[in-house]
Amino acid sequence: MSFDTERLVGLDKKFLWHPFTPMAQWTDPSHEPLVLVSGRGVWLTDSRGRSYIDGNSSIWTNIHGHGHPRIVQAIQEQAARVAHTSFLGFSNPPAALLAERLIRLCEGSDLQRVFFSDNGSTAIEVAMKMAVQYWQQNGQPERNKFVAFDQAYHGDTFGAASLGGVGRFFDRFKTFSLPTLHAGSMEDLEAFSDTDATGLAAVAIEPVVQGVAGMRPWPPGLLKRLRSWCDRHGVFLIADEIMTGFGRTGTMFACQQEEVWPDFLCLAKGMTGGTVPLAATMVPERIYEGFLNQPGEDRTFYYGHSYTANQVGCAAALASLDVFEEESVLEKLPAKVECLARELARLSDASPYILETRQKGLIAGIELCRNRETGQAFPPSHAMGAQVCLAARNHQLLTRPIGDVVVFMPPLCISEEEIRRSIEALEKGIRQKAESP
Ligand SMILES: *Cc1c(COP(=O)(O)O)cnc(C)c1O
């Protein structure tokens, strides 16, 4: 199939508005957007026939590569049978089967109920509303505040954004926020008085590694400490595994690395293998029971979206979980994770423009700097992270920075050879741009 790139780019620049994008820069005649038209495995192809490694898993969503035949077939068959039916008042086969599978993945936890929605932000909204309503109707209505961590990212809708700790994105909406306290560390939280804690509905965390903060791993043991703090104070724990879920950190869920289970487990991005949107909020039976009607009482959770438990999405998610089993995806990860660690160490040794590299599983952040000895950063006006990613594109790697942190988070199906190629592309990009900024 051939594409008229000029025309497509013209239409895009004339009619579209992109997320997280300074549009004056995007529409500038000097900017040539890539139009991505197809994908196979970790490779994406643009409208001019050039191919690239998908180095950020299409914004952290893709797990088994593009066009995985197992998932494609499941989507095709489900779409042909029926694509969507309402979940208000009806059930459907893939939703019921997927709920069972998700609960089985959380064996050893008390997570027993699955509430579906559409994306990461809605999975968080669901957890927040459930937490507040639970306390309202179960004798502790004063528990109406949330705690989140500095630099946290939990989504862009107003509720989820209230938890956000990235000033650049969220400060302007602060006055519209739900009551939320921000903690810089576990010590901050432990300094809360007992009376403060009785006003808390829930604490939200991106377990094991914060994403938008720049791929920042938490100190080992922090999640366990947070779990016991929540238990001590009767506060719910919301684990936002929207980025970390489905193998990204080396285990199916990041929480498993500290043998911790939350009261609300929020899943989205990788749940369908990165093919179609779908999200889930999982809770224990005791939370669900807090919504069961007493005679004469209305305790219903009045929340839902038109596409809740979309049949194609649930079928894709089931197929993605099949791929995990059939291809022993988790079992193959340690060798890849080690390969990435070696490559990052080599890159760091080879370049004076890297302040540090951070890694958790197949998630990596490469922080650029002008001078490693002094820790001096590049001036923000250089947009060095973005420049390096643009340069890496010429070496067949697509990714996107967070400020001057270059993200590398490939689909789990990437080969060691492709990991080496990707890091080489970044090395060349860094050399080209950082040496003559
Ligand atoms: C992406 C992300 C979200 C938001 O998910 P959307 O599907 O983009 O709404 C929330 N939390 C984390 C940790 C994320 O990475």
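Because the structure is a prediction, the values reported are computed rather than measured. Each ligand, and each atom within it, is numbered from 1 in the order the structure gives.
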Validation: residues 410-417 side-chain donor-acceptor distances under 3.5 Å, sequence neighbours left out:
| from | atom 1 | to | atom 2 | distance (Å) |
| --- | --- | --- | --- | --- |
| S415 | OG | E418 | N | 3.0 |
| S415 | OG | E418 | OE1 | 3.1 |

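- The protein atom (non-hydrogen) at minimum distance from atom 12 (C) of ligand 1 is D240 OD2, 3.4 Å.
- Proximity of Y153 to ligand 1, defined as any heavy-atom pair under 4.0 Å, is shared by backbone and side chain alike.
- Heavy-atom proximity to W60, at under 4.0 Å, picks out these atoms of ligand 1: 15 (O).
- Each ring-ring contact (aromatic ring centres under 6.0 Å, His included) pair with one or both residues in residues 51-70, not counting sequence neighbours, appears once here: H64-F324.
- For atom 8 (O) of ligand 1, no protein heavy-atom neighbour is found at a distance under 4.0 Å.
- In summary, the side chains of N138 and R286 do not present any donor paired with an acceptor at a separation below 3.5 Å, with no hydrogens or angles considered.
- Protein heavy atom in closest approach to atom 5 (O) of ligand 1: G120 CA, 3.2 Å.
- Ranking protein heavy atoms by distance to atom 2 (C) of ligand 1, first place goes to K269 NZ, 2.5 Å.
- A salt bridge is absent between R216 and D150: the closest approach of a Lys/Arg side-chain nitrogen to an acidic carboxylate oxygen does not fall below 4.0 angstrom.
- In terms of polar-atom proximity, I242 is not counted as a contact of ligand 1, lacking any N or O under 3.5 Å from an N or O of the ligand.
- Heavy-atom neighbours of E107 CD from other residues, nucleotides or ligands within 6.0 Å: at or below the threshold of 12.
- Counting heavy atoms under 4.0 Å from ligand 1, residue E206 touches it through the side chain alone.
- When only modelled atom types and interatomic distance are considered, E142 and T198 share no side-chain donor-acceptor pair under 3.5 Å.
- On a distance-only criterion, S121 and ligand 1 share at least one N/O pair closer than 3.5 Å.
- Every atom of ligand 1 is numbered from 1 in the order shown, and the set under 4.0 Å from a heavy atom of M243 is 15 (O).
- Ligand 1 places these atoms under 4.0 Å from at least one heavy atom of H154: 10 (C), 11 (N).
- Interface atoms of ligand 1 facing G155, defined by a heavy-atom separation under 4.0 Å, are 4 (C), 10 (C).
- Residues R225 and E187 are paired through a salt bridge, judged by an N-O separation under 4.0 Å between the basic side chain and the carboxylate.
- Counted by atom type alone, N62 and S58 present zero donor-acceptor pairs between their side chains at under 3.5 Å.
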